[in-house]
**Q** 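Right, I'll just put the structure down here and ask away after.
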There are 2 protein chains.
Amino acid sequence: MGLTKTEIFTAEQNRLAQLLKAMAHPARIAILQQIISANACICGDLVEELGLAQATISQHLKELKNAGIIQGTIEGVTVCYCINPVTWKLLEHQLGAFFGSYKASPDCC
Amino acid sequence: MGLTKTEIFTAEQNRLAQLLKAMAHPARIAILQQIISANACICGDLVEELGLAQATISQHLKELKNAGIIQGTIEGVTVCYCINPVTWKLLEHQLGAFFGSYKASPDCC
DNA sequence: TAATTGTATCGCAATATTACGATGTATAAA
DNA sequence: TTTATACATCGTAATATTGCGATACAATTA
């Protein structure tokens with residue numbers, strides 16, 4: 001049916017999956033890297049940096065914004081995007097806890 | 001066209017996106033949590049633990065295996081799944097570096 | 001050998017994603 | 001007020017994902 005059964009899972013599982021999904025695209029990873037490396041916020045330079053159409057970039061930015069990973073503020077004609085520090089740290093800690101919860105045991109397959 | 005332009009991006013960006021995508025589903029997060037918390041490897045108990053059909057679970061396991069996040073070994077009738085320690089640590093470090101590369105600056109939007 | 005058990009795969013329907021041209025919108029400059 | 005610039009949104013085609021019933025397969029057990 002192509003519809004994820006969200007009601008089966010916990011809110012945390014769904015939220016984590018949502019955040020990971022928002023990042024799970026090479027273009028969106030590239031966008032995040034650009035935003036981070038530009039220190040200050042980047043605007044529509046992304047269209048030139050990456051080789052994608054303006055409509056496509058705008059769509060990817062929207063998804064990152066919807067997930068709460070980035071935030072955008074209008075600055076005259078341009079829009080300034082930057083990392084949402086709250087979500088970023090939350091996700092960082094959640095992933096850290098998740099990955100840290102695994103301890104390799106030698107008696108495994 | 002519904003086809004990701006992988007050739008535009010670096011191998012690292014594509015690989016990271018692939019790994020994140022494999023994890024970006026609540027069922028697959030739940031499966032990983034189960035595998036981790038069961039310490040030793042879990043088998044088809046997953047079908048009972050989660051409320052999904054056997055075919056669906058098998059498909060999710062296949063995706064995690066294809067991405068290299070888990071590995072499965074046949075043990076008689078059952079199949080034993082566990083975390084692939086190499087990929088796990090690699091992803092852990094890569095994500096750590098990625099999230100750590102962001103330093104919040106106050107002069108931002 | 002036949003039946004049972006645990007998984008994998010096939011095939012399908014419903015839905016979601018990706019990419020982009022075309023077009024809309026809002027601000028700034030002429 | 002017209003024009004230009006920077007984005008956002010719409011609509012659409014191609015493709016991918018999700019979930020599951022049905023079925024195949026492989027290894028034990030009777």
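Here the structure is a predicted model, which is why all the values come from computation and not from measurement.
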**Q** State which residue, out of B:Leu64, B:Asn84, B:Ile31, fulfils the side-chain contact (heavy atoms from CB on, under 4.5 Å) condition with B:Ile69.
**A** B:Leu64

**Q** Establish, with yes or no, whether the OP1 or OP2 oxygen of D:dA6 is under 4.0 angstrom from a side-chain nitrogen or oxygen of A:Tyr81.
**A** no

**Q** Base, sugar-phosphate, or nothing for A:Glu63, non-hydrogen atoms under 4.0 angstrom?
**A** sugar-phosphate

**Q** Say you draw a straight line from CG of A:Leu95 to CG of B:Leu20; how long is it, rounded to the nearest 0.5 Å?
**A** 8.0 Å

**Q** Any base atoms under 4.0 Å from A:Ser58, or only sugar-phosphate, or nothing? Heavy atoms, all strands.
**A** base

**Q** When the distance from NZ of A:Lys62 to C1' of C:dT17 is rounded to whole Å, what number comes out?
**A** 13 Å

**Q** Would you mind reading off the distance between B:Asn66 atom CG and D:dT17 atom C1', rounded to a whole angstrom?
**A** 14 Å

**Q** Rounded off to whole Å, could you give me the CG-to-P distance for the A:Leu61 and D:dA6 pair?
**A** 15 Å

**Q** Specify the residue among A:Thr6 and A:Val77 whose closest nucleotide of DNA chain D lies further upstream toward the 5′ end.
**A** A:Val77

**Q** What is the distance, rounded to the nearest whole Å, between atom CD1 of B:Ile31 and atom C1' of D:dT18?
**A** 13 Å

**Q** Counting only N and O atoms by type, is there a donor-acceptor contact under 3.5 Å from the side chain of B:Thr78 to the main-chain atoms of B:Cys43?
**A** no

**Q** 5'-most contact on DNA chain C: A:Lys21 or B:Gln59, nearest heavy atom basis?
**A** B:Gln59

**Q** Under a 3.5 Å distance rule, please check whether B:Arg28 uses its side chain to pair with a backbone N or O of B:Ala22 as donor and acceptor.
**A** yes

**Q** Of all the choices, D:dG19, C:dT9, D:dC7, which nucleotide is nearest to the side chain of A:Thr4 once you look at every atom?
**A** D:dG19

**Q** Taking the nucleotide of DNA chain C with the nearest heavy atom to each, does A:Gly76 or A:His60 sit closer to the 5' end?
**A** A:His60

**Q** When the distance from CD1 of B:Ile42 to C1' of C:dG6 is rounded to whole Å, what number comes out?
**A** 14 Å

**Q** Taking the nucleotide of DNA chain D with the nearest heavy atom to each, does A:Thr56 or B:Ala53 sit closer to the 5' end?
**A** A:Thr56

**Q** May I ask you to say what A:Gln54 touches in the nucleic acid, namely base, sugar-phosphate or nothing, with a heavy-atom cut-off under 4.0 Å?
**A** base

**Q** Need one value for A:Leu52: base, sugar-phosphate or nothing, where a base atom within 4.0 Å counts as base even if backbone is also close, heavy atoms only.
**A** sugar-phosphate

**Q** Hey, does B:Leu90 have a side-chain heavy atom less than 4.5 Å from the side chain of B:Leu19?
**A** no

